[in-house]
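Beneath this line is the structure, given in C-alpha cells, with notes to follow.
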Amino acid sequence: MEKKSSSLANLFLLFIFFILYAPIFYLIFYSFNSGGTMSHFEGFTFDWYRELLHDTRLLIIVLNTVVIALLSALIATITGVLGAIGIRSYKRRQTRNTLLSLNNILIVSPDVIMGASFLILFTMAGVRLGFYSVLLSHVAFSIPIVVLMVLPKLMEMSSSLEDAARDLGASHWNVLTKVTLPYIAPGIFAGFFMALTYSLDDFAVTFFVTGNGFSTLSVEIYSLARRGVSLNINALSTLMFVITVIFVVVYYYLASRSGTKGANLRR
Amino acid sequence: MAKKPIIQFNHVMKQFDDDAPVLDHVSFEIEKGKFYTLLGPSGCGKTTILRLIAGFTEATSGDILFEGKKINHVPANKRPINTVFQDYALFPHLNVYENVAFGLRIKKVKKADMDAKVKEALSFVNLKGYENREIAGMSGGQKQRVAIARAIVNEPAIILLDEPLSALDLKLRYQMQYELRELQRRLGITFIFVTHDQEEALAMSDEIFVLNKGKIQQSGTPNDIYDEPINRFVADFIGESNIIRATMIKDFLVEFAGKQFECVDQGMDPNEAVEIVIRPEDMEITSVEQGSILVTVQAQLFRGVHYEITCMDDAQNTWLVQSTKKVNIGEKIGLRFTPEDIHVMRLNESEEDFDRRLDAYGEDENNAK
C-alpha cells in the first residue's frame, strides 16, 4: 500500500515538474532549429547562437545586464550586511521585528508597484533614466533580500563570541572583520548570489526605470518577442537559463556547506 | 592585608532599567595570585560581577579599581584580564592555533614568539599537537582546554572563568577541577571562578564569596564557610545541613528540640531566638540511651558512600543524617553530637557583625590560655 502511494506521489511530482519545465525545454529545443520557426523542427544548427554572438548591440546589452547585476549585488550586499548588523543591535524585540517587517514588505510587494514608484521617484528627482536609475532600483530591491539571508546567521552567532574577541584585545573594527564577518560569510555569499540572480532576471522594475537607449536582457527579450518571433530569442533565453542554473547550483553548494558546518558545531 | 588588592569593588551597584538591582552595593577586595570563587544560585549577580570586571558592562554606580586605579570606563579590550566563557566562545572559523593566537595577533606579536607562546599554552592544557585541529571536531573537554589556553597565552593579570565546567560530564568535571587548581598554582595568575556548584567552589578555591540576591552573604575560606555559615541561606546552599530553630539561653548554652545543649558559641543576648546548624556527617547514630537527641527513622536512601537517613524528633524537627550504618525505617535511634558540631547563627546578622563577634571570642579563647 505504502509503496504504491509513494510511487503515485512521485509520479505526480514528476508530472508537476514536467509542466513547469516543459516550456523552457521546448524553447531550448527550438533554439537549435534550422527551420526558423517553432512549429516544426527541421534540422540541428548553432546558427542562432552564432548570429547572437555577432549582434554587437545585443552583446552590449548582455554586458550591461551583467555589470548591473554584479554592481547592484555588490552594493546591496554591503548595505544589506550593515543593515542586518544594525537590526541585530536593537535590543528591543519589538523594534527589531518592526524593522524586519518593513524589510520583508519590500520583498513581497509586487515588482510592478516597485517599478512604478521608482519611475515616479526618478522623474520627480530629475534623475535621467538609464544606467544609474536601473542600478539604483536594482540595489534597492536587492537590499531586503541580502538582509533576509544574513540576519539568521547573525542571530545564530552567540554574543559571547564578540565578547571573547573584545576580551582578547580586539577593537570594534577587529571584532567586525575578524569574527563577525567571517562567521556570517556563508550568509553574505548566499545573499550576494540571490541578489545577483534577482537582478539578472528582473523585468518589471527595469522595464519602468530604463530608458535613453539603455536596456537589459529581460527587457530586450520582451521587446524582441513583441516585434515578432525570432529564434534569436530562444538562443538568448537558453543562455540566460543556463547561467541562472549555474548561479542556483553555486548558491546551494554554499548554503549546504554552511549548513553542515553548523551541524558540526552543534555536535 | 599588606598586599595591595588587584581588584577592588566599592559599593558597586548594577541595575537594568527599573528592575530590582542585580548588584546591591557590593564591596570586596581580591588579592593577587589567589583562586577566588563567586558562588550563588542563578540570578544572584555572580556573572554580572564577572562581566563588570571583564568590562563587558558598566556599573550603574560605585567604583571598580584595578591595582588601585579606577577602571569603570576602561573598555574590555584595554584590560589585562581574560575570560573563559561558559559556552567557550571559540571562533568556529579558526583552527586551534588561530584561536589561541587571536589575542597575540591583535597585539602584533612576532611570528616566532607567537609560535612559541601558543605551543607553551597548549602544552599547559595538555593539548600538545592539536594546533591544526578544527574546533568543530573537538569534544567539550578539549574545547574547554582551548578556551583556557586562549586566555593564558596573553599572560593576563586575572583570568575570569564563567561556569566553565557546567557543560562537562561528571568525571571530566572532577578531572578539570584538579587541572584548573593545578594550573592556577603553576601560573600564579589570579583566578576568579563563577559557579553555582558548591562542591566545585569548596574543592578549588582559596576564598569563596557566597552571593544571593545581589549581595555578598559571606566571604571566607572554604573551611570557614562550610563550618561557620553566617545564615540560613549559606548553610543551606553550601552542603547538606540540619537547620533548627533554637534559643540561646546564655553563652555556651543553647536550647532546641526541647533540650538544652552545651555549645561553643557566645556573644548573643540571653534567650535570643537563633538557628543552629548541624551537618549530617557530624552526627553519629547510637542507641537510644546514648543519643543526644532521640529520633524516629522516616526514610533511608543509599547514596553509595553512605546512607542518607531522614529522621524526626519529638518536637517535629526533621534531621538528615549520613551514616555508613544501615538502620530500619520506623526504628527509634539516638543521634550523638558534640558541642563543637553545633554552630549557632543569629538571625539577620551582617557579615561585619559576624566577623567581629567571631574575632571577639577568638580573643577570649586566647586570653583563657
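Convention: sequence-line order gives letters A, B, ...; per-chain numbering from 1.
Of all residues in residues 160-172 of chain A, those placing a non-hydrogen atom less than 4.5 angstrom from a non-hydrogen atom of chain B are Ser160(A), Leu161(A), Asp163(A), Ala164(A), Ala165(A), Arg166(A), Asp167(A), Leu168(A), Gly169(A), Ala170(A), Ser171(A). Taking 4.5 Å as the heavy-atom cut-off, none of the residues of residues 98-107 of chain A approach chain B.
Ranked by non-hydrogen atom pairs under 4.5 Å with chain A, the options Pro156(B), Ala89(B), Ser139(B) are led by Ala89(B).
The neighbour count for Phe35(B) CZ, taken as heavy atoms of other residues, nucleotides or ligands under 6.0 Å away, is above 12. Heavy-atom neighbours of Tyr198(A) OH from other residues, nucleotides or ligands within 6.0 Å: at or below the threshold of 12. For Tyr174(B), the OH atom is loosely surrounded, since the number of other residues' heavy atoms within 6.0 Å does not exceed 12. Surrounding CZ of Arg93(A) are at most 12 heavy atoms belonging to other residues, nucleotides or ligands under 6.0 Å away. For Lys107(B), the NZ atom counts as densely surrounded, since its 6.0 Å shell holds more than 12 non-hydrogen atoms of other residues, nucleotides or ligands. More than 12 heavy atoms of other residues, nucleotides or ligands sit less than 6.0 Å from atom NZ of Lys111(B).
Proximity to chain A (any heavy atom under 4.5 Å) is shown, for Arg150(B), by both the backbone and the side chain. With a threshold of 4.5 angstrom between heavy atoms, Ile81(B) approaches chain A through N, CA, C or O but not through any side-chain atom. When heavy atoms are compared at a cutoff of 4.5 Å, Leu104(B) does not approach chain A at all. The contact between Phe91(B) and chain A is made by backbone and side chain atoms together, counting heavy-atom distances below 4.5 Å. In this structure, chain A has a heavy atom under 4.5 Å from the side chain of Asn154(B), while its backbone stays farther away.
Using a 4.5 Å cut-off on side-chain heavy atoms (C-beta onward), Phe102(B) and Lys178(A) make contact.
Between Tyr88(B) atom OH and Ser158(A) atom OG the span is 12.5 Å, to the nearest 0.5 Å.
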